[in-house]
There are 2 protein chains.
Amino acid sequence: MTAEPRPATTGGPLSALTEDDLGSPAQRDRRKRILDATMALASKGGFDAVQMRAVAERADVALGTLYRYFPSKIHLLVTALIREFGRALERLERTPIPGETQAEGVLYVLSRNTRSLQRDPQLTEAMTRAFMFADTSVAAEVTEVGRLLERMLTAAMGVEEPSEEDKAIARVIGDVWLSNLVAWVTHRASAEDVSNRLELTVRLLLGPREAR
Amino acid sequence: MTAEPRPATTGGPLSALTEDDLGSPAQRDRRKRILDATMALASKGGFDAVQMRAVAERADVALGTLYRYFPSKIHLLVTALIREFGRALERLERTPIPGETQAEGVLYVLSRNTRSLQRDPQLTEAMTRAFMFADTSVAAEVTEVGRLLERMLTAAMGVEEPSEEDKAIARVIGDVWLSNLVAWVTHRASAEDVSNRLELTVRLLLGPREAR
DNA sequence: GGCTGAACTGGAACACGTTCTTATACTGGC
DNA sequence: GCCAGTATAAGAACGTGTTCCAGTTCAGCC
């Protein structure tokens, strides 16, 4: 019911539009409505319930418009994940991280985020599976998720100028965290399993090393 | 073009049939033809090229039969992955693992398997993405992959009766390995990146700990 | 106020995973 | 060799992601 310039040059976007690519307020609003609709549907029925026609209808947008903003269901869901992680990172950067050691800080951040995701299993399932299924066309978005995660974890480690090694450790922890999240989402690991494995991983990577 | 008892009680299998569920030789053969067809198609065009109609045709089997043996495309590809990992494990258990330390043994096994998968990028893409996308209905198969990986890595560590901690370490390394494989498959990491990250991970988990 | 081009709408069309139906072929038991 | 039951074949049918098209609406410019 409107039309403004810019969501893409004709021919279709190569990847989801970033927020600041959108000029007009109406377009920002459409984009937000789409992401909100996506999350509402995901929250209710998981990955399968995020049906493009349903998202379009709920966001009050034509199907073609939805595809103009997000070139695929996967882009859509991974972008939603980026938004969520971005918000989590903001919250994180606003509050001090408890814990004496790096390990404690990291575990605090991990379990906080894990719990937060576990509060909405269906939504988590939808975003996680999309993230894992993403192919090369979603590389930019997936990379962005990785960056956010890295920032969260290096922040949790209490370093402001992370070295390459710090980043590498953060990446390893992030990999393990995501793996366990997937295992939890697919019912192959309980919440307690996840928590135990994360503790062990962090201990091995950041904690004191006992004799072997 | 035949018919023997058993591939499933009527109503459809809950998960892919295991090899030993199949009684008749003709059925074993069908199953093998299906998996071979799957891998041939995957090898040529990756995940998208593994189309159920194409698999059925190539395996010389009706579409309905294909679905009787494997209840979904994901089951099919993850089962192919199990077969591959099983073979890799067999090969592994037949040859001694070089390297003085645990870290060296693990790195040897990791890089050997990584190279082997990288030799057929499309096939790896297909199997990896199926594995990552798998939902709860494929939990058994996914768990089996995890078990195989764990056995490969504990063998690489040179322990025959792995302790819980050994297994946990193997799981962490497996998680990181798979993450990096996915990153490679989606062109977010080069082969060298993968190799560097694995080295670092193994060093952190199994190697000498330097001052921090 | 009218023009132009891009964005949006509504809906048809298409592809592929999955399910279902009907007929035929095979197997094991008698 | 015949029967009963199940597996398979062949293909139609359905759902959902994705693409496409014709028509409409809007923003910026004269």
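In what follows, chains carry the letters A, B, and so on, assigned in the order in which the sequence lines appear, proteins first and then strands, with residues in each chain numbered from 1.
- Listed pair A:T65 / C:dA7 fails the phosphate criterion, with no side-chain N or O lying under 4.0 Å from OP1 or OP2.
- Both cation-pi conditions hold for B:K73 and B:F47: the charged atom is under 6.0 angstrom from the six-membered ring centre and inside a 45 degree cone around its axis.
- Residues A:N113 and A:S116 bring no donor and acceptor atom of their side chains to less than 3.5 Å of each other.
- Here the P atom of nucleotide D:dG17 and the CD1 atom of A:I34 are 15 Å apart, to the nearest Å.
- Between B:R188 and B:V182, the closest side-chain pair of non-hydrogen atoms falls below 4.5 Å.
- A:F70 places its CZ atom 15 Å from the P atom of D:dT19, with the value rounded to the nearest Å.
- Residue A:L66 contributes atom CG, which lies 13 Å from atom C1' of C:dT9 at whole-angstrom precision.
- Across D:dG17, C:dC16, C:dT9, the shortest atom-to-atom separation from the side chain of B:R53 is found for C:dC16.
- Spacing between atom CE of A:M52 and atom P of C:dA13 amounts to 21 Å, rounded to whole angstrom units.
- Here D:dA7 presents its C1' atom at 15 Å from CG of B:D29, a figure rounded to the nearest Å.
- Protein atom CG of A:D60 is 12 Å distant from nucleotide atom C1' of C:dC8, rounded to whole Å.
- Atom CD1 of B:I74 and atom C1' of C:dT18 are 13 Å apart (whole Å).
- Residue B:R151 places its CZ atom among 12 or fewer non-hydrogen atoms of other residues, nucleotides or ligands, all under 6.0 Å distant.
- The phosphate of C:dC20 has neither OP1 nor OP2 within less than 4.0 Å of any side-chain N or O from B:Y67.
- Spacing between atom CG of B:D48 and atom P of D:dT18 amounts to 11 Å, rounded to whole angstrom units.
- Within a 6.0 Å sphere centred on CD of A:E57, other residues, nucleotides and ligands contribute 12 heavy atoms or fewer.
- In this structure, of D:dA12, C:dA12, C:dG17, it is C:dA12 that holds the atom nearest to the side chain of A:L63.
- The base of C:dT9 lies outside donor-acceptor range of the side chain of A:R68, with no N or O pair under 3.5 Å.
- Each of B:A62 and A:G64 has a nearest nucleotide on DNA chain D; the 5'-most of these lies closest to B:A62.
- Heavy atoms of B:V50 sit under 4.0 angstrom from primed sugar atoms or phosphate atoms, though from no base atom.
- In this model, the phosphate group of C:dC8 is approached by a side-chain N or O of A:Y69 to a distance below 4.0 Å at OP1 or OP2.
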